There are 2 protein chains.
Amino acid sequence: MPMRRSIEELANELKSLGIRPSHQRVKVLEYLDCNRCHPTVDMIYGSLIRQIPTLSKTTVYNTLNQFADAGMVRALTIDGNEARYDITVEDHGHFRCERCGDVFDFKIDVDSMAAEDLSGFQITDKSVYFKGLCPGCGSKQINIPK
Amino acid sequence: MPMRRSIEELANELKSLGIRPSHQRVKVLEYLDCNRCHPTVDMIYGSLIRQIPTLSKTTVYNTLNQFADAGMVRALTIDGNEARYDITVEDHGHFRCERCGDVFDFKIDVDSMAAEDLSGFQITDKSVYFKGLCPGCGSKQINIPK
DNA sequence: GTTCCTGCAAAAGCTTTGCAGAAGA
DNA sequence: TCTTCTGCAAAGCTTTTGCAGGAAC
C-alpha cells in the first residue's frame with residue numbers, strides 16, 4: 001500500500017501538471033507519498049525541517065495549496081481547527097477517532113449511496129467522514145473526555 | 001419543512017437535556033430551528049444582535065458548543081475556515097457550492113453505502129459532503145475563481 | 001448565598017499576505 | 001535578465017480562555 005515512488009517519478013508527476021519540481025515541492029510530495037496518514041501541516045513541516053533546515057511553514061502551505069489546486073492532494077477538514085492532507089487516491093472514506101484524533105481510511109463506494117434531489121447539481125467531489133472510537137481506544141472502555 | 005416550534009417547546013427541549021433555558025440559549029435554538037440554512041456563527045450573531053443588543057459572540061460560541069455536546073446540533077466543517085451549524089435531523093448529506101458557498105441538504109441513506117474494514121470501530125457519526133456547482137451557479141457557465 | 005451565565009478583552013491557533021532576497025531558466 | 005520560488009515577518013480570521021459583574025435558583 002505505501003507504494004513509494006522515486007524522486008524522479010515524483011518530479012515527473014509535478015512536471016506533467018505544470019509544477020516546477022523544486023526541492024521543497026518534491027520533498028513534500030515524497031512525504032505525502034510515504035506517509036499516508038493524513039498529516040497536518042505541522043507534521044509535514046516537523047519532519048521535513050530535519051532534512052531542509054531552512055524550510056518555512058509558508059512554503060509548506062503554499063505547496064499544499066498548489067497541490068490541492070492541481071488535484072494531487074485533497075484537504076480534509078474533518079475537524080475544524082486544522083487541515084489534513086491526503087494524496088488523491090480512489091474512493092475511500094475517513095474515520096476520525098474522537099479520542100486519539102487519528103484518521104483512518106476505509107474503502108467505500110460513494111456512488112452506491114442512495115442520493116436524491118441532486119439533479120442540476122454538478123458534483124466534483126464526494127467526501128465521507130465517520131467519527132467514533134477506533135479499535136484501540138474503544139477497547140479501553142473510558143469515557144471520551146470533552 | 002421549517003417546522004417552527006414555540007418558545008415553550010424549545011425551552012422544554014433544553015430543560016430535558018439539562019440545559020437551563022436562558023433567553024440567549026432559547027433564541028439561538030429558535031434561530032437554528034427557523035433557519036435551516038447551515039448558518040455560521042456570524043450569521044447567527046448578526047441576526048440575534050438586533051433582538052438582543054447586549055449579545056456577545058462568545059455567548060453564541062458557548063451556546064453552540066453546548067448544543068453540540070448535547071447532540072442537538074451538528075458542527076459542519078465542510079470548508080476549513082468557518083464552522084456551520086445544523087439542527088440534528090435524520091440522515092442527510094451536505095452539498096457545498098464552490099462558487100456561491102451555499103450549503104444544500106440532500107437526502108441520503110448513509111447506511112446503504114458499501115463500507116468495509118470497519119470491524120472494531122465504534123461509529124457515532126456519519127457525514128457525507130459533496131462539492132461542486134449548484135444549479136444556479138452551474139448554469140452560468142463561468143469558471144470557478146480560485 | 002451559592003452557583004451558573006453573560007460578555008468584554010485578551011490570547012491562542014491556523015492560515016494567508018507582503019515583500020525582499022535567492023534560485024532557476 | 002527575467003521570471004519564479006522561498007521564507008521571514010506581519011496581518012487576518014475564527015475560536016477559546018480569563019475574569020468580573022450580573023442573573024437565576
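As the structure is a computational prediction, the values presented were derived from the model and not from experiment. Residue numbers start from 1 in every chain, and the chains themselves are labelled A, B, ... in the order their sequence lines are given, proteins ahead of strands.
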(request) Report yes if a side-chain nitrogen or oxygen of B:Tyr61 is closer than 4.0 Å to either non-bridging phosphate oxygen (OP1 or OP2) of D:dT16; otherwise report no. (result) no
(message) Could you tell me if A:Gln24 and A:Thr63 have a donor-acceptor pair between their side chains, going purely by distance under 3.5 Å?
(response) no
(request) Consider only side-chain N and O atoms of B:Arg74 and B:Ser127, and report whether a donor and an acceptor are under 3.5 Å apart. (result) yes
(request) Return the minimal non-hydrogen interatomic distance between B:Phe130 and B:Phe106, and the atom names on each side. (result) CD2-CZ, 3.7 Å
(message) Both A:Glu82 and B:Ser56 contact DNA chain C. Taking the nearest nucleotide for each, which residue is further toward the 5' end?
(response) B:Ser56
(request) Classify the nucleic acid contact of A:Asn65 as base, sugar-phosphate or nothing, counting any heavy atom under 4.0 Å across all strands shown. (result) sugar-phosphate
(message) In terms of relative ring orientation, are A:His38 and A:His92 parallel, tilted or perpendicular, with 30° and 60° separating the classes?
(response) tilted
(request) Give a yes/no on whether any side-chain N or O of B:Arg20 is located under 4.0 angstrom from OP1 or OP2 of D:dA23. (result) no
(request) Round to the nearest Å and state the distance from A:Lys57 atom NZ to D:dA9 atom C1'. (result) 14 Å
(message) Need one value for B:Ser22: base, sugar-phosphate or nothing, where a base atom within 4.0 Å counts as base even if backbone is also close, heavy atoms only.
(response) sugar-phosphate
(message) Expressed as a whole number of angstroms, how long is the span from A:Ile52:CD1 to D:dG7:C1'?
(response) 12 Å
(request) Quick one: label A:Thr58 by what it contacts on the DNA or RNA (base, sugar-phosphate, nothing), any heavy atom closer than 4.0 Å. (result) base
(request) Please report, rounded to the nearest Å, how far the C1' atom of D:dG7 is from the NE2 atom of A:His23. (result) 16 Å
